[in-house]
Amino acid sequence: MEDYHDETGSGLTVLHRKNDQYLLVKHGPFGGEHDHYDKLEFSYACEGKNVSTDLGTTGYGARLHYDYFKNTVSHNTIVMDEENQTPACGRIRRFENSPEYALVDAETTWSKDYQVPDSFIIRQWSDEAYEGAYFRRQIIFSDDFIVDVETAVCPRPSFDVHGAERKYAAKAARPGTASREKPPLLDCIRSVNMKTEQMF
């Protein structure tokens, strides 16, 4: 199967490696009503088994289409304040694909200035939860391993990063409280991210 990378159209990267490994990263523009609230999500399979899966969708007339399948929480990406992601446009910072490894480095920023496509979309997101937030995902993919480094700047009280078998959560102090303690998980993510940037 052939690899695929498109930064401005579909905004998808699809990569393959030995042992029937498959990786899909979604980093492009918001597609309107037919799209989901899942910027910078990824799906991964190995040896024919789904490890991190995009569930796709159900029939448009089914209740779970809007109640579950389109929502951010059902995808492997970042969730802030338990709200759906605000529509945004992702972009590729760096992309490499060689026989030794592939690197997908993508980011998105949520801004109130983003123009949502006019497509009769049903509003299911919170502008307040994502205003001023930033998310970067760096994925290194080879025949023998996959590394997923996530960096988040979250001005709101909390964020979660969801995966197939895990849920990471970090709680930040609410504005106006006395606590100045940084979330330990966020420190860990930033530390790993700095080391990764030194590698490349």
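Starting from 1, each residue takes its place in the sequence as its number. From a predicted model like this one, the values you see are computed outputs, not experimental measurements. Side chains are part of it too, since the values below use all heavy atoms of this structure and drop only hydrogens, waters and symmetry mates.
For the pair Asp81 and Tyr130, the minimum side-chain heavy-atom distance is 4.5 Å or more. Residues Leu12 and Tyr4 form a side-chain contact, since some pair of their non-hydrogen atoms from C-beta on lies under 4.5 Å apart. By the 4.5 Å heavy-atom criterion applied to side chains, Glu82 and Val73 are not counted as neighbours. Inter-residue side-chain proximity for Phe135 and Thr77 is flagged as met; some heavy-atom pair is nearer than 4.5 Å.
Nearest approach of Pro29 to Asp35, heavy atoms of both residues: O-OD2, 3.9 Å. Listed here is the closest heavy atom pair of Thr108 and Ala88: OG1-CB, 3.6 Å. Of all the heavy atoms in Asp54 and His75, the pair that sits closest is OD2-CD2, 3.9 Å. Residues Pro87 and Trp110 approach most closely at O-CD1, 4.2 Å, considering heavy atoms. When every heavy atom of Phe69 is checked against every heavy atom of Thr57, the shortest pair comes out as CD2-CA, 3.9 Å. Scanning both residues, Pro99 and Arg17, for their nearest heavy atoms gives O-NH1, 3.2 Å.
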*Are Glu41 and Lys39 close enough, and set up right, to give a side chain to side chain contact (heavy atoms under 4.5 Å, CB included), and what steps lead you there?*
CA-CA 6 Å; Glu41 80 143 346; Lys39 195 59 60 196; over 6 Å; no

*With side chain to side chain contact (heavy atoms under 4.5 Å, CB included) as the test, would you mind laying out the steps for Ile121 and Phe30 before giving the verdict?*
CA-CA 11 Å; Ile121 191 167; Phe30 181 69; 3.4 Å; yes

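Between His5 and Thr13, the side chains place a donor N or O and an acceptor N or O closer than 3.5 Å (distance only, hydrogens not considered). With 3.5 Å as the limit, one finds a donor-acceptor pair spanning the side chains of Asn76 and Arg137.
Qualifying side chain to side chain donor-acceptor pair (under 3.5 Å) partners for Tyr37, counting only residues two or more places apart in sequence or in other chains: none. For Asp20, there are no salt bridge (Lys or Arg N to Asp or Glu O under 4.0 Å) partners two or more places apart in sequence or in a different chain. Applying the side chain to side chain donor-acceptor pair (under 3.5 Å) test to Glu107 and every residue at least two apart in sequence or in another chain returns Arg91, Arg93, Tyr134.
To the nearest 0.5 angstrom, Gln124 atom CD is 9.5 Å from Thr72 atom OG1. Rounded to the nearest 0.5 Å, atoms OG (Ser52) and OH (Tyr44) are 10.5 Å apart. Once rounded to the nearest 0.5 Å, the distance linking CH2 of Trp125 with NZ of Lys70 reads 9.0 Å.
The same ILVMFWY cluster, assembled from side-chain heavy atoms under 4.5 Å apart, contains both Tyr101 and Val149. In the hydrophobic clustering of this structure, Tyr22 does not group with Val25; members are Ile, Leu, Val, Met, Phe, Trp, Tyr whose side-chain heavy atoms approach within less than 4.5 Å, directly or through other members. One hydrophobic cluster holds both Ile92 and Leu15 under the rule that ILVMFWY side chains link at heavy-atom gaps under 4.5 Å. Cluster annotation: Val14 is not connected to Leu103 through the hydrophobic network of ILVMFWY side chains, with a link wherever side-chain heavy atoms come within less than 4.5 Å.
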In a table with atom names and distances, give each donor-acceptor pair under 3.5 Å that connects a side chain of residues 139-147 to protein atoms at least two apart or in another chain.
residue	atom	partner	partner atom	Å
Ser142	OG	Asp144	N	3.1
Ser142	OG	Phe145	N	3.2
Ser142	OG	Phe145	O	3.4
Asp143	OD1	Lys18	N	3.4

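Among residues at least two apart or in separate chains, salt bridge (Lys or Arg N to Asp or Glu O under 4.0 Å) pairs with a member in residues 55-68 are Arg63-Asp67. Within the structure, no pair that satisfies the salt bridge (Lys or Arg N to Asp or Glu O under 4.0 Å) test touches residues 1-11, not counting sequence neighbours.
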